[in-house]
Number of protein chains: 2
Amino acid sequence: MRQPVDKTRSGRLRATIVDVANQAGVHVSTASRALNPKTDHRISSKMVGKIRRIAEQLGYSPNPLASSLRTQRTGTVGLIVPNLSDPLFAPIIASVQERAASDGYVTFVASSEYKPDKLLSIIETMSRHYVAGLVVASFELADPAADLCLALGVPTVAVLRDPGHHGISSIAMDDVEGMKAMVAHVLDLGHRDIAYITAPLAASTARNRLAGFAAAAALRSQAGFRFDVIEADAYDVDEGTRVVGRMLADGARSTAILCFNDLLAVGALLALRTAGIVCPEQVSVAGVNDLPFMGLLSPPLTSLHNAGRTLGQVGAELLMKLIADKDHPVTRVLLPSPVVIRGSTGPAPFATGTGQAPARKLAKRPAPR
Amino acid sequence: MRQPVDKTRSGRLRATIVDVANQAGVHVSTASRALNPKTDHRISSKMVGKIRRIAEQLGYSPNPLASSLRTQRTGTVGLIVPNLSDPLFAPIIASVQERAASDGYVTFVASSEYKPDKLLSIIETMSRHYVAGLVVASFELADPAADLCLALGVPTVAVLRDPGHHGISSIAMDDVEGMKAMVAHVLDLGHRDIAYITAPLAASTARNRLAGFAAAAALRSQAGFRFDVIEADAYDVDEGTRVVGRMLADGARSTAILCFNDLLAVGALLALRTAGIVCPEQVSVAGVNDLPFMGLLSPPLTSLHNAGRTLGQVGAELLMKLIADKDHPVTRVLLPSPVVIRGSTGPAPFATGTGQAPARKLAKRPAPR
DNA sequence: TAAGTTAGAGCAAACGTTTGCCCTTGACTC
DNA sequence: GAGTCAAGGGCAAACGTTTGCTCTAACTTA
């Protein structure tokens, strides 16, 4: 005698497929097939109707754990970002989530905290949870984590940062061209002494933006132009303040400071303000990513557009294809990253148009108000 | 004859507990007990050692799906926010995630998009996935979703917004006191005609901030004081611009505009700027939440502090307790929400200190630059 | 020394699905 | 009218754990 299912067990009152089958007077396998659109052709249509009706009325919905255990597939995808608090990732998280949900997937989000080992262990964990696929925004260049994803056989899409792995599809901003355009912008404004604050070069974004800067600089390698690169150790506002503070203390003469991202740029603005240097009249500043509110700062920040939502959406879309078709070709997408010109970049002081800027230290002037 | 486990199946090469048991020459139940610290006292310690060693060397880790199916428990918690893109929720997401992870839980994040039905269906889904508990930042007042959580028997903590349900623990900001303090602040500055832009009153936050505003207003119900309430339909910058645009068009005379949140306040600033009204000289503006960068706007925004990280951390902590002990008493935590005074609030124009402000329309003046 | 206790380990059921295979039945073919 | 076939449905194993129960042997205790 089969015990009737105890509906009150553990506080969960959920009908199982055997309840449905019993009620319909059929075998559980029949119920299973009838409920699954992929297999319901094996069952007579009136039986399908009956079983569906009973399932509905019992409020049956399949237990994803049991189903996944049997099929070795789940309805979940994983999303890994390097930092959950950085506003840069908010639209990516939101859009990946939305896109995945529209295909019936729920999303695990995890933060790798910019730590390569943590990334590895998260991937391990997610794989153990049988995620159907992974969207990763944390890859570094030649990241062993990319190999791990492939070894584990989990479909993976890189967003924002491209590990440069031949087996991993990716979607990212065109940082090289973006940065070239940014340099062109400040050159147009007459700047001849330009500094670029880069982030640690482990990430493709950092590498590419530096490459763009360097490429643009190479075109003006003549006398009268000066291009400096300073390396920051972090990605946040404080680091920007520290770095620019040091630059000023070292007597830097740059009239334009381009930053790896907006947070560093905001830090730069603060450091300049503290030093009594007026932006953009004395020094221009620009960032990358065009975070929310950057247009409302004073001065409003010039930046490179970052299509966070598109990144996430297209990335998730790509992942869905990869999941559906294991042999989907590896694809690589680059999104244009145009310069968003605002008030923090302006004409170079004493610009002569000849390319020969007079030697000059950043003067301390009282902050305007 | 048992077939040897096919390690290459479906691309996943994972040792199971039966591999460990076979290798150790013991029954799988013995292996299971040896591997579980809760039950390993039932097995001789040298056997435990041997089995652990073999497990390690085989790279065994338990399949969470199978384990959860059997135990009806998972190592996952759910987090539901109303909007993934709002910077307000970023620190909450990050901190819940961190705190849960430190207890070995992975986190599902979902967005209810401010839609009550969507919230219900997300809770349903998560419950089906056997989440161990739920952190919910989307509750409305007297939300049926709160009943659902209880009915499903899933431990739940409300953060930020309190559904006011006797069975649900919560942690939130003290919006009533915060708003009172904000009103006191602008009264101190001499303002006598104060407007408050509220959000839809479905949420406890909206209700409480309005209550705080009303309570503070009640103390000055004498002639010469005027307190207006305008209801916004949304929570974003655009809505703030629209609402304040309408107010101006309607000839509002308020010299201080308090807003439900920073996004509305930013919208208010934009509308004022468009109208050529100078903040704070002509009209003061304040928000709530103190989002990142609000101190860098021009003018820097006065706001109420929001302890997002604490909210998430304490909320998750509370959830861990609830999970560990089903009979943990329902607790309610309120965090102080002090006024962060910045440049967007200033002395009332024509302030006399007598409480009798002269009738005056908001004058259009050219925007300064 | 007989009875009772305990430690250590195995047995098998259970969690809720899915799916390859088999069986029955009725229709169709030659 | 015997053989073929397809449709419709049942059987039982499998996914990888956990856990109540049983069994055996060794160890106490009176």
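A, B, ... follow the sequence lines: proteins, then strands. Residue 1 opens every chain.
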Rounding to an integer number of Å, can you tell me how far A:Leu35 CG sits from D:dG9 C1'? 15 Å
A:Arg70 has its side chain closest, among C:dT19, D:dG9, C:dG10, to C:dT19
Under 4.0 Å between a side-chain N or O of B:Ser44 and OP1 or OP2 of C:dA9? yes
At 4.0 Å (heavy atoms only), tell me whether B:Ser29 reaches a base, stays on the sugar-phosphate, or touches nothing. base
Quick one: B:Leu58 CG to D:dG16 P, roughly how many Å, whole number? 14 Å
Contact class for A:Ser32 vs. all strands (heavy atom < 4.0 Å): base, sugar-phosphate, or nothing? base
Please report, rounded to the nearest Å, how far the C1' atom of C:dT19 is from the CD1 atom of A:Ile17. 12 Å
Choose from D:dT19, C:dA9, C:dT19 the nucleotide whose nearest atom is closest to any side-chain atom of B:Arg73. D:dT19
Integer-rounded Å distance: D:dG8 P and A:Lys50 NZ: 16 Å
May I have the distance from B:Met47 (atom CE) to C:dA7 (atom P), rounded to whole angstrom? 17 Å
Side chain of A:Thr16 only, heavy atoms from C-beta on: which candidate in C:dG16, D:dG9, D:dT17 is closest? C:dG16
How many whole angstroms separate atom OH of B:Tyr60 from atom C1' of D:dG16? 7 Å
Residue whose closest nucleotide on DNA chain D lies nearer the 5' end, B:Arg33 versus B:Ala66: B:Ala66
Give a yes or no on whether the backbone of A:Val154 and the side-chain of A:Thr156 come within a donor-acceptor separation of less than 3.5 Å. yes
Is B:Gln72 near enough to C:dA14 that one of its side-chain N or O atoms lies under 4.0 angstrom from OP1 or OP2? no
Donor-acceptor contact present, side-chain B:Thr71 to main-chain B:Ser67, <3.5 Å: yes
Taking atom CZ of A:Arg73 as the centre, report whether more than 12 heavy atoms of other residues, nucleotides or ligands fall under 6.0 Å from it. no
So, A:Arg99 versus A:Ser102: side-chain donor-acceptor pair below 3.5 Å or not? yes
Out of C:dT19, C:dT17, C:dA12, minimum distance to the side chain of A:Thr71 belongs to C:dT19
B:Asn22 atom CG is separated from D:dT17 atom C1', nearest whole Å, by 15 Å
Just checking B:Val28: base, sugar-phosphate only, or nothing, at a heavy-atom cut-off of under 4.0 Å? base
Taken to the nearest whole Å, CD1/B:Ile43 to P/D:dT19 is 13 Å
Of the listed nucleotides (C:dG16, D:dT17, C:dG8), which one gets closest to any side-chain atom of A:Leu69? C:dG16
Charged N to carboxylate O below 4.0 Å: is that the case for B:Arg14 and A:Glu124? yes
Under 4.0 Å from OP1 or OP2 of D:dG9: is there any side-chain N or O of A:His27 that close? no
D:dG16 OP1/OP2 closer than 4.0 Å to side-chain N/O of B:Ser67: no
Between D:dG9, C:dG8, C:dA12, spot the one nearest the side chain of B:Arg42, thanks. C:dG8
Check the angle between the aromatic planes of A:Phe108 and B:Phe108 and answer parallel, tilted or perpendicular using the 30° and 60° thresholds. parallel
